[in-house]
Peer 1: 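Take this structure, written in C-alpha cells, and hold onto it; I'll ask about it next.
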Amino acid sequence: VTGHLPSIPIKQGRKSPSLQVILIAFVALVILFLWLNFVLAQEIESIGREIQVRTEELGTVERRHEALLKEISTVGSQQEMATRALALGYQPQTPVYLAVPEPIAQASSSALAGSGQVAVLSSGGQDWPSQPASSLLDVLARQFEVSDIGSIP
Amino acid sequence: MSANGRSTIDASRLRVLIFVLTFGFTVVVGRLVYYQAFRHEELKAQAQIQRTWDKNLEPKRGYVADVKGHILALDVIEWDISVSPPLVTGRSELGGQLSELLGVPKTEIAATLSAKEPWLQLATGVEYATGEAVAALEAEGLACEPRPRRFYPEGPLFAHLLGIVNNTGAGFYGVEGYYNQQLHGSSGSRLVEQDPVGEELPIPPLVEMPSQAGTSLILTIDRNIQYIAGQELQRSLDEFDAEGGTVIIMQPQTGAILAMVSYPSYDPNDFVNEDPDLLADPSVSKMWEPGSIFKIVTWAAGLDSGTISPNTTFYDEGKLEVGGRVIMNWDRKGRGLVTMTDGLVQSLNTVAAFMSTSMGKDQFYTYLRRFGFGTLTTVDLASEGPGMVKLPGDSNWFPSELGTNSFGQGIAVTPMQMIVAVSAVANRGTMVKPHIVHQFISQDPESGELAPVAVEPMIVRRAISQQAAETLTNMLVEVVEQSATRAQIPGYRVAGKTGTAQIPTPYGYDPNGTIASFVGFAPADDPQFIVLVKLDRPKASPWGSQTAAPTFRAIAERLFAYMQIPPDEMRLAQ
C-alpha cells in the first residue's frame, strides 16, 4: 500500500479540557464567591447588630449617669442641704470672734507699733472678758472653756 | 372547517399574539429606558431618600459649675412616649402596664390604644426612671424617645445668673444666653440605611460625622457666697418690706464675680409658667438713678483732676444754683464751712455740684466715660444694658445736668456698671473687666481628653491715679465710721457709701418710694471683696443707711468668716 499518512498537527497531541469541566469550574468559582460574600455579609451584619446593642447600652449608661448627676446635684443643692440641716437641728450661727488680749505676732507695720490689743470681736455683740494670755492656744482653750458657743447639736 | 382554513386562523392569531407581545415588550422596554435613561437621577435620589435616613446627632450641651465644681446646670433625660395604635398588639395588657407606669387612667390609655389615628402622643416630659421602664416593655407600636432637658439644681437662687434653655436647646439670658454657642457644641449626622418600616439596618453607616459636645463652664461664682448673698437679701426684703433687690459681690483686683443675686426670682426649671418680665437679669439689664453712691465717682474725678483735696473747703448754704436749677441737700439745710471729706461723709449734694461745676462739663463727663458709664461693661452675661448718660451736645442735655448728675440724678446706671466703677477705686485706680467664667472645659474631638482653658483677668484702663484712689478710700472709710455706721464691722476697716435715690416717673419723681443702696469694700487697705446692695422701694425706711448698709454688714460679716479674712490688726501684725 502506497500513500502517506495524513499529517497530524502537534497541537492535537494535547487533550483540551472539556466544556463541561470549564462550566463546573466556573459554577464552583461563582458559588465560592457567593459563599464568601455571604459569610462576609453575615459577619458585617453581626458586627452591626453588636454595635447597635452596644450603642443602646451606652445610651442607657449615659442616661443613668445623667440621672445620677441630677440626683446628686439635687440632694447637694444649697436649699436642700439647708432644709435638711434645719430638720436635723442645726441653726445658722452668727460669727464668733475671739478676744485676743495681746498681739499674737509681732507687728510688721509701724502703724501698729504700740497697739497692745488686737481688737477682736464678739458673738452677738457681747465682748468676751479680756484675760492675759501667752499664746493663741491658751486663748482658744480659754475661749472654749468660757463659751458654750452657738447651738451646735 | 378545512385544514387550510384552521391554519390561516392560527397564523393570524399567532401574528396578533406576536404583535401584542412585541407591543407589550416594547412598552415595558420603553418605560424602562424612560426610567433608566431620562429619570435616572430623580429616581435615584428618591430611592436614596427612601432607603437612607440622615440622622441628626444632637451634641451634648456643656454643664455649668461653680468655682468649686458644684454643678449648677446640666442636661437630664426626659422621655416623649408616643404610640401607633394600628401596630399595637395585646392592647389590654399593654394598657394596664402603661396605666400603672404613667399614672394615667386605664380607660384613657385604652381609648388611645384603640384609636384609628396612625400616631398619637401618649406622654411628654416623662421622668427618667418611668421612661426607661416604658421603653423596657419593648411593645410593638410604642415609641419612646429620650430628650435632653436643662436642669438647674439650685433653682431660683441662680436663675438670673444662669439664664434658661428652651425646648429647642437655645439658651437665653445670663450665662446660657451669652455662651449659647459654646455650650451647645456642634451637631453631627449619620447617614444610615433603613428597612421599609423605618428601622435602622444593622450595617455600618454610609456616612458619619460625630457631634462635638459643648464646652463646659466653670464660673467664678462660689455657690456658698451666692447662698449667703441670697439669704441676706431675702432677709432684708422681708425685714424692710422691699419690693425687690440686687446683691453683687466681686473681687476688685480680678473682676471675678463671686455672687450675683436678684429677687424676685423665678424657677428656671419651670420658666414657662413664670412672668416673662422676671427672666432678664436686673444686675446687668435694669437701670436705676443711683443717687448718692454715685458721689464716689464725682469725688474720684475731683481728686484725680486736682480740683479738690480732702481738706478743700466749701461754704454750704444748703442750696446751689446750677444751670438755672437750685440744688439742695437731702434735708434742705446748710452746713456752713465744710471740707470735701465732710461733704462725702454727710452726703451733701451742694458739695457734689460744686465739685462738678468746678471741674467743668468736659472734664466731668470725661471721667464718667472713663468709669464706664454709658457703655457696656462687657461682662460675659446676656442682655446687658449700657445705662443712660446724657452728654453735653446731646439735644436732651441741659446745663443743670452737670449739677444733678454729680449726685447721681438724671443719669441711669446698671448695678454692674456701678460696682465695676467703684471697684476701680478699691483696686487703686485700675479698672478691670468683670467676668463670670473662670474656666472653659472642652473635649478634644480626636483624643477625647478634656482641655481646660483659664480666663485671665483683663485690665480695661486706669480710671484714676493710685494716689487719688487711696485718698478716696480713706474718705470712704470715714463715711462708714461717721455716718453709715450700720455698715461697720468691728475689727475691720470698711470703705463704702450709702445711696438713697428717688425713682423717676413720667410725671417727675415718685414721692412714695426710693431705691436704697450701699456699695462698700473691705478690708479697706487690701480689699478682698466689694459688695453692692440695692433695695427697691423699702417701706420700713427709705434710707440706704438704714436698709442697704445693714444688709451689707450682714453679708460682709459672713464673708469675713467664710473667706477666712482675719481682723485688720491681726492680719497686719502677721
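Just so it is clear: chains get the letters A, B, ... in the order the sequence lines come, proteins before strands, and each one is counted from 1.
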Peer 1: For a quick check under 3.5 Å, do B:Y152 and B:E176 share a side-chain donor-acceptor pair by atom type?
Peer 2: yes
Peer 1: Apply salt bridge (Lys or Arg N to Asp or Glu O under 4.0 Å) to B:E232 and list each qualifying residue two or more places apart in sequence or on a separate chain.
Peer 2: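 Residues passing salt bridge (Lys or Arg N to Asp or Glu O under 4.0 Å) with B:E232: B:R235, B:R558.
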Peer 1: side-chain contact (heavy atoms from CB on, under 4.5 Å) with B:V261: which of B:I225, B:I221, B:L233?
Peer 2: B:L233
Peer 1: What part of B:D75 gets within 4.5 angstrom of chain A, counting heavy atoms only: side chain, backbone, both, or neither?
Peer 2: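 Looking at B:D75, just its backbone touches chain A.
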Peer 1: Between B:Y266 and B:H160, how do the two ring planes meet: parallel, tilted or perpendicular, split at 30° and 60°?
Peer 2: perpendicular
Peer 1: Could you please state which residues from residues 56-67 of chain B sit under 4.5 angstrom from chain A, measuring non-hydrogen atom to non-hydrogen atom, sorted by number, or 'none'?
Peer 2: B:K60
Peer 1: Using a 4.5 Å cut-off on heavy atoms from C-beta on, say whether the side chain of B:T124 contacts that of B:W79.
Peer 2: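 No, every pair of side-chain atoms sits at 4.5 Å or beyond.
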Peer 1: Please tell me if the side chains of B:L157 and B:Q226 come closer than 4.5 Å, counting only heavy atoms from C-beta onward.
Peer 2: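 A side-chain contact exists here, since the closest heavy-atom pair is under 4.5 Å.
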Peer 1: Please flag which part of B:I77 lies under 4.5 Å from any non-hydrogen atom of chain A: side chain, backbone, both or neither.
Peer 2: both
Peer 1: Can you tell me if B:D222 and B:Y562 form a side-chain donor-acceptor pair at under 3.5 Å?
Peer 2: yes
Peer 1: Look only at the side chain of B:T130 and the backbone of B:V126, and say whether a donor-acceptor pair between them is shorter than 3.5 Å.
Peer 2: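 Here the side-chain-to-backbone pair does not exist.
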Peer 1: Going by atom type alone, with no hydrogens or angles, which donor-acceptor pairs under 3.5 Å involve a side-chain atom of residues 46-54 of chain A and a protein atom two or more places apart or on another chain?
Peer 2:
| residue | atom | partner | partner atom | Å |
| --- | --- | --- | --- | --- |
| A:R49 | NE | A:E45 | OE2 | 3.2 |
| A:R49 | NH2 | A:E45 | OE2 | 3.0 |
| A:Q52 | NE2 | B:E200 | O | 3.3 |
| A:R54 | NH1 | A:E57 | OE1 | 3.3 |

Peer 1: Answer yes or no: does atom CE of B:M209 have more than 12 heavy-atom neighbours from other residues, nucleotides or ligands under 6.0 Å?
Peer 2: no
Peer 1: Do you know which of B:H70, B:R223, B:E127, B:E132 has the most heavy-atom pairs under 4.5 Å to chain A?
Peer 2: B:R223
Peer 1: Using only heavy-atom distances, determine whether the side chains of B:E478 and B:N474 contain a donor-acceptor pair under 3.5 Å.
Peer 2: no
Peer 1: Are there residues of residues 63-74 of chain A whose heavy atoms fall under 4.5 Å of chain B's heavy atoms? If so, which?
Peer 2: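 Answer by number: A:R63, A:R64, A:E66, A:A67, A:L69, A:K70, A:S73, A:T74.
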